[in-house]
K.L.:
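The structure follows.
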Amino acid sequence: MMTVVWFKRDLRVADHPALARAAVQGDVIPLYVFEPEYWAEPDVSGRQFAFVRESVDDLTSDLAGLGAPLVVRVGRVVDVLADLHARVGFDGVISHEETGNAWTFARDREVAAWCRVNGVAWEELAQSGVVRRLNGRDGWAKQRNAFLRLPQVDVPAGITGPVVPSDDVPTLVASDHCPERQLGGRQMALSLLGSFLTERGQRYRKDMSSPVTGEWSCSRLSPYLAFGCLSGREASQAAAARQREVKGTREGWGGSLKSFQARLAWRDHFMQKLEDEPALEHRCLHSAYEDMRPKVPDAERLAAWEKGETGLPFVDACMRYLAATGWMNFRMRSMLMAVASYHLWLDWRLTGLHLARQFTDFEPGIHWPQSQMQSGTTGMNTIRIYNPVKQGKDQDPTGVFTRKWCPELARVPDAFLQEPWTWDGAGTLLGKTYPAPVVDVLEAAREARDKVWAVRRGGAFRDEAQRVVHKHASRKDPQGHFVDDRAPRRRKASVSPAKDGRQMGFDF
C-alpha cells in the first residue's frame, strides 16, 4: 500500500500519529504543499511564511534521515494530489485534523471531494485535545486529559517510498520587517522546551504577566505549537515529568509548572470553540453584539493603534514591540485587543486581522475566540476593560520597557510616564514628538462599559447566552485546569485581571 502523508500544522516526525500509521501500512510519500491562495489570505504575513519555511526545511532533514525525503510542492492541494496520483499512484491520504480558518476548512472539503471522486481513502487523525463533532462541553475536559495521557507515538524506524521531485518555493507573501522574530524548526522548539523546564520557567507564574519579565520566563513555545513543530502532548508530558522531579521542593517550580499545564489546557479549550463554531471567525458569538460597533472603522484611530501612535504610552510600546518581535506575552495581547475594542471602539474583526498578521504564532483556534472574549461579544464571558495607564504602571514599574519602545518619552519623569498629558512639560511633547492621546481613557471606558452592558438586558439575550454557555463555556475538571469562565448573572465589582484565574490569554 502507498500512502500520502499530508503535513499541515504538524511539522515534526515525533509523536506524529499520521506518519506512524502510514509507515506500518507500506510505502509513504511525505507531502507538504505551499498554497499560494492561503498565503494571499488577509490573516497571514511574511513573518509566518518565513517561520513555516524554516520549519519545513527542518522537517525535510528529519524525514531524509528516515529514508523518505519530504516532497514539497507549490499550488492547490487537489492539483498536487492529482499530479502525484498520475505519476506514482497511491491508495490513501493520511493527515491530522486541523482547526484552521475558513479558507483551510473550505480547502479540506475540496480535498475530501477529490478523494471521493478518485477512490482515494482520506483518514484524519487527532493530534491534540480538540474533539470533532462535540455535542456540548460536559465531559470534554476528561476526554482532553485522557488524550494528553496517552503514550507518545514513536518515530518510525525507517520509511520507504518512491523518489518524487519537489518544486522550488518562491516567496509567496511579502516579507515584513520583524528583526527579532523567533526562528522556525523543531530543534529550536526542543531547545526552548528544555531551557524553560530547567531554568527559565522557575518564575513563570510570577513573571508571565509583564512584557519585561515574560520575554524570558514564558516558554516561548507558542509558534512551535501553532505549526506543530512540537505536539501539545510532548509539552504536557515533559512538564509532567519535571513536576515529578521538583515535587516537594520550595523553589517555585511547582506553581509555575502547574500554571503552564493550565495554559496548555486552556489552549485546547479555545481551539475547541472554533472547532465547534467555525463562524465565530467572522460573526459575533452572541448575535446581539453584531451591530454594536461600527463596521466602518474610525480610520485615524485604527491607524494610530496599528502603528503604536495612540498617545497611550504602554499600548504604543506593546504594539511596537509586537511589530519587531512577532510575539507578546498573554496579558498584553489581551490588553491590546481590549483597548482597541473598548477605548477606541473598533470592531474586533478589523483589529483581529492586524494582530493575526503580527503574531508569528497565529493560531486561528485561539486567536478568534480570544479576540471576541476580549471584545465582550461572546455573551458569556466577564467584561474586562483594561486601564492601559494602570497596566503600564503595574507591568512596567521602572518604565524600562516603555522608554525602550517609545524613545520619544525619554525625558518624561517616571511619575508621568504612563500619562504624559498630566506632566507640566506636556506642551513641548504632545502633538510634536509624541502624539496626544486619541481618547480620554476613563471617559472612553465608561462609555464602552455602558454600551456593552446595555446589550445584556432582556430575556432574549439570556436565552441565547445559555445556548452559548452549553456549547462553549469551560467546566471544572478533575485536574483543576479549568474554572467556570462564564460571566456573572449580574454586574459585580471588578476583579483585577492579575488575580482572576479566568483571564486567559493567547499565549504561554
Side-chain angles (χ1 to χ4, degrees), residues 1-33 55-56 58-73 77-78 80-82 84-85 87-100 104-105 107-116 118-134 143-144 146-164 186 189 224-225 227-237 268 271 275:
M1 183 173 182
M2 186 178 296
T3 305
V4 171
V5 176
W6 176 22
F7 287 85
K8 296 194 278 184
R9 283 180 171 259
D10 50 356
L11 303 179
R12 63 184 185 277
V13 298
D15 195 29
H16 198 288
L19 181 64
R21 176 79 61 88
V24 300
Q25 291 177 345
D27 288 348
V28 177
I29 304 173
L31 173 69
Y32 185 84
V33 183
S55 300
V56 169
D58 212 11
L59 175 63
T60 300
S61 177
D62 289 343
L63 283 167
L66 296 177
L70 181 67
V71 178
V72 178
R73 291 295 182 87
V77 174
V78 291
V80 171
L81 291 175
L84 289 176
H85 202 247
R87 284 173 180 262
V88 297
F90 54 82
D91 304 288
V93 176
I94 296 182
S95 64
H96 285 134
E97 295 172 350
E98 178 182 8
T99 303
T104 63
F105 180 60
R107 181 271 319 275
D108 284 357
R109 295 181 67 179
E110 187 179 23
V111 170
W114 182 90
C115 288
R116 284 194 300 271
N118 290 277
V120 173
W122 178 22
E123 185 178 10
E124 293 182 278
L125 305 179
Q127 67 161 336
S128 71
V130 176
V131 179
R132 284 207 167 164
R133 292 172 288 279
L134 190 68
Q143 289 180 260
R144 181 262 173 194
F147 179 89
L148 269 289
R149 287 194 297 268
L150 291 174
Q152 295 176 37
V153 178
D154 292 334
V155 178
I159 301 174
T160 60
V163 176
V164 180
R186 179 169 173 81
Y224 306 96
L225 291 168
F227 293 105
C229 304
L230 185 75
S231 75
R233 183 160 53 192
E234 287 182 284
S236 179
Q237 293 187 8
D268 286 342
M271 291 181 68
E275 178 68 33

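Because only heavy atoms are used, hydrogens play no part in the values below, and waters and symmetry mates are left out as well, while side chains stay in.
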K.L.:
Which heavy atom of Thr99 sits nearest a heavy atom of Met271, and at what distance?
P.N.:
CG2-O, 3.6 Å
K.L.:
To the nearest 0.5 Å, what is the distance between CZ on Phe147 and OG on Ser236?
P.N.:
11.0 Å
K.L.:
I'd like to know whether His85 forms a side-chain contact (heavy atoms from CB on, under 4.5 Å) with Val93, so could you lay out the CA-CA distance, the side-chain angles of the two residues, the decisive distance to 0.1 Å, and finally the verdict.
P.N.:
CA-CA 11 Å; His85 202 247; Val93 176; over 6 Å; no
K.L.:
What residues, two or more places apart in sequence or in another chain, satisfy salt bridge (charged side-chain N to carboxylate O under 4.0 Å, His left out) together with Arg87?
P.N.:
Asp83
K.L.:
Using the rule given for side-chain contact (heavy atoms from CB on, under 4.5 Å), can you reason through Thr104 versus Arg9, listing the C-alpha separation, both sets of side-chain angles and the distance that settles it, and then say yes or no?
P.N.:
CA-CA 11 Å; Thr104 63; Arg9 283 180 171 259; over 6 Å; no
K.L.:
Among all residues two or more places apart in sequence or in another chain, which pass the side chain to side chain contact (heavy atoms under 4.5 Å, CB included) test with Pro17?
P.N.:
His96, Leu125, Val153, Arg233
K.L.:
Roughly how far apart are Thr160 OG1 and Asp27 CG, rounded to 0.5 Å?
P.N.:
4.0 Å
K.L.:
Roughly how far, to the nearest 0.5 Å, is CG of Leu11 from CG of Leu59?
P.N.:
6.0 Å
K.L.:
Considering all heavy atoms of both residues, which atom of Arg186 and which atom of Ala14 are nearest to each other, and what is their separation?
P.N.:
NH2-CB, 3.3 Å
K.L.:
Find the distance between CZ (Arg149) and CZ (Arg144) and round it off to the nearest 0.5 Å.
P.N.:
9.5 Å
K.L.:
What pair of heavy atoms forms the shortest contact from Ala157 to Leu66, and how long is it?
P.N.:
O-CD2, 4.4 Å
K.L.:
For Gly129, does its backbone N or O pair with a side-chain atom of Gln143 as donor and acceptor, under 3.5 Å?
P.N.:
no
K.L.:
Measure across Gln237 and Leu148 and return the closest heavy-atom pair with its distance rounded to 0.1 Å.
P.N.:
NE2-O, 2.8 Å
K.L.:
Can you tell me how the ring of Trp122 sits relative to the ring of Trp6, calling it parallel under 30°, perpendicular over 60° and tilted otherwise?
P.N.:
tilted
K.L.:
Tell me, do Val77 and Trp114 make a side-chain contact under 4.5 Å, heavy atoms counted?
P.N.:
no
K.L.:
At their closest point, which heavy atom of Pro30 faces which heavy atom of Val28, and how far apart are they?
P.N.:
CD-O, 3.5 Å
K.L.:
How about Glu98 and Arg107: do any of their side-chain heavy atoms sit closer than 4.5 Å?
P.N.:
yes
K.L.:
Does the side chain of Arg12 reach to within under 4.5 Å of the side chain of Ser231, using non-hydrogen atoms?
P.N.:
yes
K.L.:
Which heavy atom of Ala18 sits nearest a heavy atom of Ile94, and at what distance?
P.N.:
CB-CG2, 3.4 Å
K.L.:
Start with the C-alpha distance between Leu19 and Leu63, add both sets of side-chain angles, then the distance that settles side-chain contact (heavy atoms from CB on, under 4.5 Å), and finish with yes or no.
P.N.:
CA-CA 10 Å; Leu19 181 64; Leu63 283 167; 4.1 Å; yes
K.L.:
Rounded to the nearest 0.5 Å, how far apart are CG of Leu70 and CG of Asp58?
P.N.:
11.5 Å
K.L.:
Please confirm whether the backbone N or O of Val131 pairs with a side-chain atom of Glu97, one donor and one acceptor, at under 3.5 Å?
P.N.:
no
K.L.:
Using side-chain contact (heavy atoms from CB on, under 4.5 Å), reason through Glu275 and Leu134 one step at a time and then give a plain yes or no.
P.N.:
CA-CA 9 Å; Glu275 178 68 33; Leu134 190 68; over 6 Å; no
K.L.:
Please check if the side chain of Asp91 supplies one atom and the backbone of Met2 the other of a donor-acceptor pair under 3.5 Å.
P.N.:
yes
K.L.:
In Å and rounded to the nearest 0.5 Å, what is the CD to OG1 distance from Gln25 to Thr3?
P.N.:
4.5 Å
